[in-house]
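First comes the structure, then the notes that go with it.
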Amino acid sequence: MKFTTPEAIRLALLSRREIALFDLRGEAAFATGHPLFAANLPLGHLEQRILLLVPRKETPVVVYDDGEGYAVPAFDRLTAIGYTDVSVMEGELAAWKGAGYELFEDVNSASKAFGELVEARRHTPSVSPQDASALIESDADLVVLDVRRFDEYQRMSIPHGISVPGAELVLRARTIAPDPATTIIVNCAGRTRGLIGTQSLINAGLPNRVMALRNGTIGWTLAGQELDRGRTESFPDVGKKEREDARSAARAVSYRAGVKRLSPQQLEALKDDRSRTLYLFDVRTAEEYRKGHIDGFVNIAGGQLVQETDMYAPVRGARIVLADDIGPRADMSASWLAQMGWDAYVLEGGFDGELATGEYEAPRPPAPEAPAITAAELHDMAGDAACGVVDVSLSTSYSEGHIPDAMFAMRSRLPDAVAVLDRFGRIVVTSEDGYTARFAAIELQPLVNAEVLALDGGNGAWRSQGLAWVAGAGQRLTAADDRYRRPYEGTDNPVEAMQAYLDWEFGLVAQLERDGTHGFFVI
C-alpha cells in the first residue's frame, strides 16, 4: 500500500498538479472539517460515483478518513477498478491538522469561500432583508431573481421572486428587466450563489441597479419575515437581440477571466491527451439537455457547477470544457471557474451534428455476481419473520420511501448491524437500483449466518411492479451520517444553526488566507 504525506498533498495543490483528494466519511462527518479541496466520497458509494468523478485512471488519487478504517478498503477497491496511482494520506485527518493546515467546515467550502472573496474584493452591493421587504411592499420598480435550483425555489422563496438559476441570469435579465431603471435583487438561500449571481450581472455590464439579498432566505427568516411556498414563476424566453447582447457581454467577461475557446476538432485532441483529466459539462437546463446534447457531456446547470465544483470535478488541476448552444451560460460559468483556478474552456459549436437525447448514464464498474432474488419473489415472502430486508440506499432516499419493514443501514457500517440481523435466516439487501446492494450483499454474507441475497433491480424494480411503498424514518440499524442537513435547506431549521452558518461564511476569507492553497483571483 502506498502512503502520501499531508505535506506532499499540499505541494501538489500549490503547484497545480492534478490530484483528487477524497474524504471517505459520511457527508455529515465530512462537514465537521476537511482540507479545502477535499471532496466527499463516502466509502459505501465509492463504486457508484468514482468513474464519473475521476474519469482518467492514471490520476493521482489520495484517500483518507478520521480513524474509521475506511482508507484501506477504499485503496483496495480503487486499485481493483484499475486506478494506478492511489495512496492513503499518512496519519489520516489528524495528520493534516497536526501539520498546522486548515480544516474547512460544511460542504462546497471552496466555492463558498470563493464567493466571500469575490464580495470582499469587488464590494458586491447587497440589501438588507428589511430594506428589500420595504421595497417590495412599496410596489417599487423591482424584480427579485432567485438563482437556486427550481426545486429549492418552489420549497421556499422571497415574495414575488422569479426562478432564474444562476447561469441563466446574464441571458435572461435583460428580458425580465428591460428598463434600466428597474432594480434587480438577486437571492439564494444563504450568500454564495446570490453574491456570484449579482456580480455576474455587474460584470456583464447590466445597466440596472443590482443588489444581492443579504444572507438570502436565511437572512429573510432571521429578520422575522415570511417566505412564500410553492411559487412556480420561471424565467421567460429571450428574443434574438437579447440573446446577442447577452452573448457579447458574457464573452467579454470570460475573455477577461482567461477562458479559452476550442472547436469540436480541438476538443477531440484534448480527449486524446491521456496525460490530463478532462471534464465535459453541458451547463444548459435539464430540459434542453434531454432534447439534444453533445454525446459525452454531463448535464449540470452552470450556477450549480460553480457552487458545487467539488461534487462534479474533484480532480484539482483538471481541464473543464463547457457547452451551451446559446453561449452566455457557458461563458459566465467558465469565467468563474477560471477565477477559481480551473483550466476552463468553452466549446464553440458542436450542436449542429447528430445529438444524443435523454439522460446521461454515468459509467460504473461492473457489480459483483451476488445471489439475487426478484421483487415478485420477495413480495411473496411478505410476513415471513425469518426474512429481513436491509436497504443500503442513501438515508434521504430511504426516508422518502422504502419497502415496508425494510431496515436502513449504511453499507460502510454493516458490521454495526450484525447484532440485529443475526435473528434472520435470510437477508435481502436492496438499494436505489440494486447496484450498491450487490456489493453490500457480498460484504455482509461472511458477517452473518443467514443466507444473503441482493434484490434484483433494487427499489426501482420493486416500485415498477406497483408494490407497497412507505415513507418515514423507519428502522435504522446504523448511524445515518451519510447526509449533512444544510442549515439553509427546508423551512424548519433552528435559528441558532442558521446564524452559526452565516458566521462561518463571514470567516472564510481569513481562513483562505491562512490556508494559502486556493489560487483564486477576482477580475
Side-chain angles (χ1 to χ4, degrees), residues 23 25-40 42 66 93-94 96-97 101-120 124 126-133 146-149 152-153 155-158 186-198 212-227 304 306-311 395-396 399 479-515 518 520:
D23 188 313
R25 299 173 294 168
E27 190 181 62
F30 170 77
T32 63
H34 52 82
L36 179 64
F37 290 112
N40 186 220
D66 195 21
L93 189 62
W96 183 271
K97 186 175 182 180
Y101 302 153
E102 287 291 307
L103 292 179
F104 288 76
E105 296 179 2
D106 210 82
V107 294
N108 313 131
S109 306
S111 295
K112 292 172 182 178
F114 174 69
E116 295 296 323
L117 184 66
V118 169
E119 185 197 38
T124 307
S126 63
V127 60
S128 72
Q130 296 87 344
D131 288 346
S133 180
D146 190 315
V147 296
R148 300 172 296 163
R149 300 188 314 267
E152 294 180 87
Y153 162 78
R155 194 176 303 124
M156 56 179 182
S157 61
I158 305 303
V186 179
N187 83 273
C188 64
R191 292 176 54 79
T192 311
R193 287 175 287 182
L195 292 170
I196 294 295
T198 299
L213 177 65
R214 200 169 301 148
N215 306 327
T217 58
I218 286 182
W220 192 269
T221 302
L222 292 176
Q225 297 166 183
E226 287 295 317
L227 293 165
Q304 286 303 119
V306 173
Q307 168 80 359
E308 301 173 335
T309 311
D310 57 316
M311 299 174 68
S395 60
T396 47
S399 296
D481 66 354
D482 60 328
R483 184 72 166 85
Y484 165 62
R485 172 71 183 272
R486 280 81 164 150
Y488 46 84
E489 284 183 328
T491 58
D492 58 349
N493 291 301
V495 168
E496 297 79 10
M498 290 189 286
Q499 186 60 57
Y501 175 77
L502 293 177
D503 293 341
W504 167 74
E505 285 198 301
F506 297 146
L508 282 171
V509 173
Q511 199 172 5
L512 277 182
E513 185 175 351
R514 293 194 301 271
D515 179 74
H518 61 83
F520 299 155

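We count residues from 1, following the sequence as given. All values below come from the heavy atoms of this structure, side chains included, with hydrogens, waters and symmetry mates left out. The model shown is predicted, which means the values in this text are computed figures rather than measured ones.
- Among all heavy-atom pairs drawn from G115 and L195, the shortest one is O-CD1, 3.8 Å.
- Under 3.5 Å, the side chains of Q304 and R148 contain no donor-acceptor pair of N or O atoms.
- Y484 and N40 form no side-chain donor-acceptor contact under 3.5 Å, judged by distance and modelled atom types alone.
- Scanning all heavy atoms of the two residues, the minimum distance from T221 to M498 falls at CG2-CE, 3.9 Å.
- Applying the 6.0 Å contact sphere to CD of E226 captures no more than 12 heavy atoms from other residues, nucleotides or ligands.
- Between the side chain of S399 and the backbone N or O of S395 there is at least one donor-acceptor pair closer than 3.5 Å.
- Of the inter-residue distances, the one linking I196 atom CD1 with E119 atom CD reads 10.0 Å to the nearest 0.5 angstrom.
- A distance of 11.5 Å separates CG of N187 from CD1 of I218, quoted to the nearest 0.5 Å.
- Atoms CZ and CG, from R214 and L502 in turn, are 12.0 Å apart once rounded to the nearest 0.5 Å.
- Side-chain atoms of D503 and Q499 form a donor-acceptor pair, as typed in the model, at a separation below 3.5 Å.
- Taking the six-membered ring for Trp and thresholds of 30 and 60 degrees, H518 and F520 have ring planes inclined between 30 and 60 degrees apart.
- Under a 4.0 Å N-O distance rule, the pair E152/R149 qualifies as a salt bridge.
- Under the 3.5 Å distance criterion, with hydrogens and angles disregarded, no donor-acceptor pair is assigned to the side chains of S157 and D146.
- Across F30 and A38, no two heavy atoms sit closer than the pair CZ-O, 3.7 Å.
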Exercise. Kindly indicate, with the supporting measurements, whether the criterion side-chain contact (heavy atoms from CB on, under 4.5 Å) is fulfilled by K112 and Q307.
Key: CA-CA 7 Å; K112 292 172 182 178; Q307 168 80 359; 3.7 Å; yes
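- Here the shortest heavy-atom pairing between D106 and W504 reads CB-CH2, 3.5 Å.
- With salt bridges taken as basic N to acidic carboxylate O contacts below 4.0 Å, none links R25 and D481.
- Under a 4.0 Å N-O distance rule, the pair E102/K97 does not qualify as a salt bridge.
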Exercise. Apply side-chain contact (heavy atoms from CB on, under 4.5 Å) to T192 and E505, showing your working.
Key: CA-CA 9 Å; T192 311; E505 285 198 301; 3.4 Å; yes
Practice problem: Would you please test E308 and S111 for side-chain contact (heavy atoms from CB on, under 4.5 Å) and show each step? | Solution: CA-CA 7 Å; E308 301 173 335; S111 295; over 6 Å; no
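- Listed here is the closest heavy atom pair of T124 and V118: OG1-O, 3.9 Å.
- Considering all non-hydrogen atoms of both residues, D23 and H34 come closest at OD2-CB, 4.0 Å.
- In the model, N108 has a side-chain atom that pairs as donor or acceptor with a side-chain atom of D310 under 3.5 Å.
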Quiz item: How far apart are the C-alpha atoms of L512 and F114, what are their side-chain angles, what is the distance that settles it, and do they pass the side-chain contact (heavy atoms from CB on, under 4.5 Å) test?
Solution: CA-CA 9 Å; L512 277 182; F114 174 69; 5.9 Å; no
